[in-house]
Amino acid sequence: MKLATLRTAEGTRAIRVEGERYAELGAPDVGAFLAQEDWRAQAETVTPERPLAGADLAPVVPRPGKILCVGLNYRNHILEMGRELPRYPTLFAKYPEALVGPADPIALPPESDAVDWEAELALVVGATVRRASETEAAAAIAGFSVLNDVTTRDWQYRSPMWLQGKTFEGTTPFGPYLVTPDELPGGTTPELDLSCAVDGEQVQKANTGDLVFDPVELVRYASTILTLRPGDVIATGTPGGVGHARKPPRYLSHGARLVTEISGLGRLENVARDE
């Protein structure tokens with residue numbers, strides 16, 4: 001099934017989507033909906049009848065309790081750079097203020113002239129887990145979505161800690177849907193084509209089957225550190241093709257159109273705008 005968060009005049013609403021129609025789920029957003037233990041059964045009882053055309057979608061989980069991100073996680077990209085595969089995931093964080101919807105503008109902060117793209121598969125947690133086994137970790141994955149970890153590179157590299165370059169407000173598109181694993185090839189370790197384009201030029205292309213640490217392992221590993229709860233998000237990392245690695249580097253400018261797509265999950269279309 002597909003879930004999303006819809007903006008309305010009265011506030012946001014969690015919805016189930018089928019084709020070009022939707023039904024409301026009685027919760028303010030997908031994160032709140034996943035907090036109900038029987039969310040799957042509840043979603044199956046509704047019949048999408050309202051037209052989806054023209055819907056204004058928010059980030060699929062507008063205010064996750066946690067957004068964990070993973071660096072250096074595509075096998076071919078790591079090897080082509082001449083590096084060894086990592087033994088453990090590289091984790092950093094992002095905050096909810098960074099998130100925007102699948103068609104919202106991306107804010108270009110005036111403090112940076114090095115705003116870069118990073119297309120990523122995002123997983124959304126659907127159950128509370130701590131020190132999860134592999135089986136428990138797989139069962140805790142509610143589904144997957146598309147995220148672009150837009151990064152201010154000059155701020156990222158001001159210090160060895162990446163956080164300040166990763167969470168500028170209004171920079172990170174996330175959505176359009178949460179798609180449950182049963183709809184995807186590979187299930188909780190999906191093998192999906194991922195791509196990113198800037199102004200019509202493809203700049204990133206990979207398959208999520210190339211992840212060094214797959215989604216199940218990331219949930220297992222992260223839940224060793226802290227409790228994961230429904231609505232928490234893990235962005236699984238980006239492949240090669242980012243603008244910072246080009247010679248000369250290439251960054252987003254005012255009016256640039258960023259398109260991020262993953263097969264089976266949907267498409268983000270965002271225009272960069274000076275803040």
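Values below: every heavy atom of this structure, side chains too, minus hydrogens, waters and symmetry copies.
Tyr251 OH to Arg153 CZ: the interatomic distance, rounded to the nearest 0.5 Å, is 7.5 Å. The distance from the OH atom of Tyr74 to the CG atom of Asp210 is 7.5 Å, given to the nearest 0.5 Å. The distance from the CG atom of Asp29 to the CG atom of Leu6 is 11.5 Å, given to the nearest 0.5 Å.
Using a cutoff of 4.0 Å between basic side-chain nitrogens and carboxylate oxygens, Glu275 and Arg273 are not scored as salt-bridged. For the pair Arg246 and Glu201, the salt-bridge criterion is met [side-chain N within less than 4.0 Å of a carboxylate O]. Salt bridge Arg220/Glu217: present, at least one basic N to carboxylate O contact under 4.0 Å. Arg16 has no carboxylate O lying under 4.0 Å from a charged side-chain N of Glu24, or vice versa, which leaves the two without a salt bridge.
Counting non-hydrogen atoms of other residues, nucleotides and ligands closer than 6.0 Å to CD of Glu169 gives a total of 12 or fewer. Within 6.0 Å of CZ on Arg257 lie no more than 12 heavy atoms contributed by other residues, nucleotides or ligands.
Judged purely by distance below 3.5 Å, without hydrogens or angles, the side chains of Gln204 and Thr238 pair a donor atom with an acceptor atom. Between the side chains of Ser112 and Asp154, at least one donor N or O lies within less than 3.5 Å of an accepting N or O. No hydrogens or angles considered: a donor-acceptor pair under 3.5 Å links the side chains of Gln36 and Gln42. Side chains of Lys205 and Ser195: a donor-acceptor N/O pair is absent below 3.5 angstrom, by distance only. Counted by atom type alone, Thr260 and Asn148 present one or more donor-acceptor pairs between their side chains at under 3.5 Å.
Side-chain atoms of Asp149 never come within 3.5 Å of backbone atoms of Glu118 as a donor-acceptor pair (strictly under, hydrogens ignored). Judged purely by atom type and a 3.5 angstrom limit, Arg130 uses its side chain to pair as donor or acceptor with the backbone of Ser223.
A heavy-atom distance below 4.5 Å is found between the side chains of Leu258 and Cys196.
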- Item | Evaluation steps, side chain to side chain contact (heavy atoms under 4.5 Å, CB included), between Arg13 and Thr5 | CA-CA 6 Å; Arg13 301 285 187 270; Thr5 297; over 6 Å; no

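With hydrophobic clusters built from ILVMFWY side chains whose heavy atoms lie under 4.5 angstrom apart, Val61 shares a cluster with Leu3.
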